[in-house]
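See structure below.
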Amino acid sequence: MFWFFAAVLVFAALRVITARNPVHAALFLVLAFCTSAGIWIQLEAEFLGIVLILVYVGAVMVLFLFVVMMLDINLTRLREGFWSYLPVGALVALLLVAEMALVLAGSYFGLAEAPRPESAPAGYSNTKELGRLLYTDYVYPFELAAVILLVAIVAAIALTLRRRKHAKYIDPAQQVAVRRGDRVRIVSMPAEKKEGGA
Amino acid sequence: MLDSLLAYPQSLFGPLWPVVWTLAKILMIVVPLMLCVAYLTLWERKLIGFMQIRIGPNRTTFFGIRWLGGLAQPIADGLKLLVKEVIVPSGANKFLFVLAPVMAIMPALAAWAVVPFSPELVLSNIDAGLLYLLAMTSLGVYGVIIAGWASNSKYAFLGAMRSAAQIVSYEIAMGFALVGVLMAAQSLNLGEIVKAQQGGAGFLGWFWLPLFPLFLTYLISGVAETNRAPFDVAEGESEIVAGFHVEYSGMTFAVFFLAEYANMILISMLTAILFLGGWLSPFPASWGLLGASSPLWLFAKMFFVVSLFLWFRATFPRYRYDQIMRLGWKIFIPVTLVWIVVLGAWMQTPLWIWWK
């Protein structure tokens, strides 16, 4: 099972960077998220796995696709900057390779001596345990992270919010509050007499 | 008795038996679900017909039997769609074009894996059932987005854009409503949530009463999540013809249609389980058969909520897009947030009588 998920994950991750079409690349990223969620669930971290799908696949990638689909990306113009970005890209790639090597050659650096994590006892709930830790032992870091995120949200909205001057915008709250009497006036008038024969 | 019945096929399949048995259980859920979807379309047309003082479909029958008039309509519709040609528009991305209906119906069916029909009757009794459901319902939007993009059509694309923003917005309100439920039930497992609603008080012990604002929010967000009227701007036939599925024909269109109705049934089922006491009976236990809890109660509640969906469609005009966004962000999310705080405080006092 693990090998199947891992193979799909590696394939999807490769396609994310090699796919020509940015929409395809985004969809492959979705596939990569789903398979890594599968691997996490196998590692008994079902809360993290499901939340990965819920947050990244269900919300972040939807908005990502939303933007990518509306862009008209010109491939030749993207290629122009290739050589000027190469040194920075190569540096990052080297760093990544070094980190991967440290992990993959773990037996050489003595990773095998580290104790194997015990599998969880029956009746153990990953979600409950996470919630307990977050709200007791780590409550201050958790709250701090939340406040930082909130500040980031407010800042992002404040940076991008522009009121258009000439938009014919009507406040929906006002529209909802409208009663029939504001729009229609019912007039009671006597019936008119018929003039002559038709 | 069941064990002795299963002994023969068990020996037949040998080591493959768990796979075969799981597949059989999945079929036992999906086949009745598809039948329900078919007859829900008939019930929708009939019910809206009654509400508008019409008769609704009454001609297609089985074997020419008169009083069955209309009952064969879903079968005839299905057959018609099955034999129609599937047209792929020029310039469309063929693979994604065909993948989109699959992506639409997959989460609608996968979510049923954790739905409990009675205390024992559930395909997969996982601990984080509520989270799993949220994750699955949030995947449904991919079908719409991919369909809109792969069709290579402006109308379809507009529909997809509208739908993406709408579903992401209402998911937040829906998630908060579910947070209230899991606080009240102290569990993420759907079976446990129903058991937490089991008090001596009959239908007053269900969660719709203490969580009333969340119940309304969940129900209305459910209508928005399934792209049903009055939130059907993704289709909006008067503005963008049929929105995301304008280029689809034949069976590919039918799968979108099935997905929409399967989602409706799913949301109704969840409303019945989370807020209306699931399989519990509304009457006191001393009433004999009427007071006994059974899956029939669950189906009756589900039917009631599904009929509400149809009633909404027959009653309300379509929302304008900015009004949809206002309702989701400025009304539902604050209401749910306030009620979660109220609930948290309420559960600390002796006035909380639902869960001990």
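Computed from heavy atoms alone, side chains included, the values below leave out hydrogens, waters and symmetry copies. Within every chain, numbering begins at 1; the chains are lettered A, B, ... in the order of the sequence lines, protein sequences first and strands thereafter.
The aromatic rings of B/Phe256 and B/Tyr248 sit perpendicular to each other, their planes meeting at more than 60°, with 30° as the lower class boundary.
Here the shortest heavy-atom pairing between B/Glu260 and B/Asn227 reads OE2-O, 4.3 Å. Nearest heavy-atom pair, A/Ile41 versus A/Gly49, reported as atom, atom and distance to 0.1 Å: CG1-CA, 4.2 Å. Across B/Glu225 and B/Tyr170, no two heavy atoms sit closer than the pair OE2-C, 4.0 Å.
Most heavy-atom pairs under 4.5 Å with chain B: of the set A/Leu27, A/Val62, A/Val30, A/Leu65, this distinction falls to A/Val62. Residue with the most contacts toward chain A among B/Ile167, B/Leu139, B/Ile145: B/Ile145 (heavy-atom pairs, distance under 4.5 Å).
A/Arg15 meets the salt bridge (Lys or Arg N to Asp or Glu O under 4.0 Å) test with no other residue; sequence neighbours excluded. With sequence neighbours left out, the side chain to side chain contact (heavy atoms under 4.5 Å, CB included) criterion links A/Val139 to A/Glu143.
Within residues 173-182 of chain B, no residue has any heavy atom under 4.5 Å from a heavy atom of chain A.
Both the backbone and the side chain of B/Leu134 come within less than 4.5 Å of a heavy atom of chain A. Contact annotation for B/Phe95: neither backbone nor side-chain heavy atoms come within less than 4.5 Å of a heavy atom of chain A.
Residue B/Tyr319 places its OH atom among 12 or fewer non-hydrogen atoms of other residues, nucleotides or ligands, all under 6.0 Å distant.
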Contacts table for residues 325-335 of chain B: side-chain donor-acceptor under 3.5 angstrom, sequence neighbours left out:
{"unit_1": "B/Trp329", "atom_1": "NE1", "unit_2": "B/Ser169", "atom_2": "OG", "d": "3.1"}

